[in-house]
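Report on the structure given below.
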Protein chains: 2
Amino acid sequence: MKTGSHHDSSIEQRLHGLRQRLTPQRLLIVSVLEENDAHITAEAIYERVREQYPYVNLSTIYRTLEWLKKLGLVTETDMGEGSVCYHWAEKGRHHHLVCQKCGRVVDMDESLPCSLKEALLQRYGFDVDLSHLAFFGRCESCQSQSD
Amino acid sequence: MKTGSHHDSSIEQRLHGLRQRLTPQRLLIVSVLEENDAHITAEAIYERVREQYPYVNLSTIYRTLEWLKKLGLVTETDMGEGSVCYHWAEKGRHHHLVCQKCGRVVDMDESLPCSLKEALLQRYGFDVDLSHLAFFGRCESCQSQSD
DNA sequence: TTCGCAGATGCAAATAGTTGCAGATAGCCC
DNA sequence: GGGCTATCTGCAACTATTTGCATCTGCGAA
């Protein structure tokens, strides 16, 4: 299933430029991720891809997500919900604060993690890859309550 | 298998004081963790406990680790090695910087994460539970090298 | 346009961790 | 010391994810 040149997206061109193979499965997985504003699980991507490509295998989804992660095109976050979440990296870098009491998720921008990153580079010479962090704890409403 | 009173450790007394059940399995798991200075996986704890309690089940190990985590007696860290690591919480709080290139692990004390924690409390009103963090990236030696 | 091959995929098995259920038991109360 | 019960445990099944292997295929080179 080779898309016509007039359908080629910029991501296809970029991947082609990086000498990466573009299989039908990969193109579909990438488009599901690009179209998805929220985080998405591997299982949900699998369901979406199967709509157009019924014989795709779940292990291919996982392998492709790993490949995209390695290329820096996707970020992966464990929100503590039992499955890891994925997010198209260009849809904005941010992080999360997950309340362990009520489950509320507060988004956090990059400024504080960037400060930490710079401090770690200074102190330890270590260059942290701040892809997509999730910190667990208690939100404002749940702090006064005990367990 | 009830330990004699002269064998009761302070942790047994504390757990008893918290109205927590002390089963033979739990006592053994706790002692393996207390004796272990480094991080340890669930599987390794299982092997150690089986030496003295052959019929213990791996699901009991996982359940007990979850219970100890909830009590704040153990911390859990994913060092990216395929299994989560556990550490007796009183053996010192620290965090890790894991190099994705060479695998080297740099220990980090609490001061920088504490700064982040305070900043998050100020900015978002969110009280982060800094139990045992692991940040991934590149160490000093591996930064100049490409993938 | 065809060919060859490095790498992708599907399949099934494996791994780390979780869960439902029935039976066992720690420990409190009498 | 014995009884009772809430909770723990072992077992087997399950889930999310990874991996080995054989076959397929994207795509660059001729």
Side-chain angles (χ1 to χ4, degrees), chain A residues 1-5 7-8 11-30 39-47 49-50 52-71 74 76-86, chain B residues 1-5 7-8 11-30 39-47 49-50 52-71 74 76-86:
Chain A
M1 178 250 220
K2 179 70 176 71
T3 57
S5 62
H7 277 119
D8 278 8
I11 192 60
E12 284 180 52
Q13 288 164 10
R14 280 168 57 191
L15 287 167
H16 195 269
L18 290 168
R19 293 287 182 269
Q20 302 292 330
R21 295 200 186 208
L22 297 173
T23 64
Q25 298 94 330
R26 285 184 168 186
L27 292 170
L28 278 168
I29 291 165
V30 162
H39 303 88
I40 190 168
T41 62
E43 182 68 31
I45 295 168
Y46 175 56
E47 293 307 320
V49 171
R50 276 175 75 214
Q52 299 183 57
Y53 206 87
Y55 299 104
V56 72
N57 198 269
L58 184 52
S59 64
T60 299
I61 307 297
Y62 280 101
R63 282 180 169 130
T64 303
L65 288 168
E66 206 56 40
W67 168 68
L68 290 168
K69 222 174 80 183
K70 190 181 278 186
L71 291 175
V74 136
E76 167 184 296
T77 314
D78 186 341
M79 305 290 283
E81 285 170 0
S83 315
V84 156
C85 286
Y86 298 88
Chain B
M1 176 251 222
K2 179 73 179 73
T3 57
S5 62
H7 279 117
D8 279 6
I11 192 60
E12 286 181 49
Q13 289 165 12
R14 278 169 55 195
L15 288 166
H16 194 270
L18 290 168
R19 294 286 186 269
Q20 303 290 332
R21 290 196 189 213
L22 297 172
T23 64
Q25 299 94 330
R26 285 182 169 188
L27 292 171
L28 277 169
I29 291 163
V30 162
H39 304 87
I40 188 167
T41 62
E43 182 67 33
I45 295 169
Y46 176 55
E47 293 306 322
V49 171
R50 277 176 73 215
Q52 300 183 58
Y53 207 86
Y55 299 103
V56 73
N57 199 269
L58 184 54
S59 63
T60 299
I61 308 294
Y62 280 103
R63 284 181 168 129
T64 303
L65 288 168
E66 208 55 40
W67 168 67
L68 290 167
K69 222 176 76 183
K70 190 180 281 185
L71 292 175
V74 136
E76 167 184 295
T77 315
D78 187 341
M79 306 289 282
E81 285 169 359
S83 315
V84 156
C85 285
Y86 298 88

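No experiment lies behind these values; they were computed from the predicted model shown. Proteins get letters first, then strands, A, B, ... in listed order; numbering begins at 1 in each.
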When rounded to the nearest 0.5 angstrom, what is the spacing between [atom1] in [X] and [atom2] in [Y]?
| X | Y | atom1 | atom2 | answer |
| --- | --- | --- | --- | --- |
| B:Leu68 | B:Glu76 | CG | CD | 11.5 Å |
| B:Arg50 | B:Asn57 | CZ | CG | 10.0 Å |
| A:Ile45 | A:Glu43 | CD1 | CD | 10.0 Å |
| A:Ile61 | A:Leu65 | CD1 | CG | 7.0 Å |
| A:Glu12 | A:Arg26 | CD | CZ | 13.0 Å |
| A:Thr64 | A:Leu28 | OG1 | CG | 10.5 Å |

Nearest whole angstrom, please: distance from the [atom2] of [N] to the [atom1] of [X].
| X | N | atom1 | atom2 | result |
| --- | --- | --- | --- | --- |
| B:Leu71 | D:dT7 | CG | P | 14 Å |
| B:Glu76 | C:dA16 | CD | P | 15 Å |
| B:Ile40 | C:dA16 | CD1 | P | 15 Å |
| A:Gln20 | D:dG28 | CD | P | 12 Å |
| A:Leu15 | C:dG7 | CG | C1' | 15 Å |
| B:Arg19 | D:dA6 | CZ | P | 16 Å |
| A:Leu28 | C:dG10 | CG | C1' | 16 Å |
| A:Arg21 | C:dC5 | CZ | C1' | 8 Å |

By nearest atom, which of the nucleotides D:dT9, D:dG26, C:dG10 is closest to the A:Val56 side chain?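 Out of D:dT9, D:dG26, C:dG10, the nucleotide with an atom closest to A:Val56's side chain is C:dG10.
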
Heavy atoms from C-beta onward define the side chain here; which of C:dC28, D:dT9, C:dG17 lies closest to that of B:His16?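 The listed nucleotide nearest to B:His16's side chain is C:dC28.
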
Quick check on [N]: is either OP1 or OP2 less than 4.0 Å from any side-chain nitrogen or oxygen of [X]?
| X | N | result |
| --- | --- | --- |
| A:Gln25 | C:dG10 | yes |
| A:Ser83 | D:dT15 | no |
| B:Thr60 | D:dG10 | yes |

Close N/O contacts between protein and nucleotides 18-21 of chain C (under 3.5 Å):
from: C:dG20; atom 1: O6; to: B:Arg63; atom 2: NH2; distance (Å): 2.7

Which residue, B:Cys85 or A:Ile61, contacts DNA chain C at a nucleotide closer to its 5' end, judged by nearest heavy atom?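 The residue closer to the strand's 5' end, by nearest nucleotide, is A:Ile61.
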
Taking N and O atoms by type only, does the side chain of A:Arg26 place a donor or acceptor under 3.5 Å from a partner on the base of C:dA8?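 No.
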
What does A:Glu43 touch in the nucleic acid at a heavy-atom separation under 4.0 angstrom: a base, only the sugar-phosphate, or nothing?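 Result for A:Glu43 = nothing.
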
Provide the closest heavy-atom pair for A:Tyr86 versus A:Val74 in the form atom of the first, atom of the second, distance.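 Taking every non-hydrogen atom into account, CD2-CG1, 3.9 Å.
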
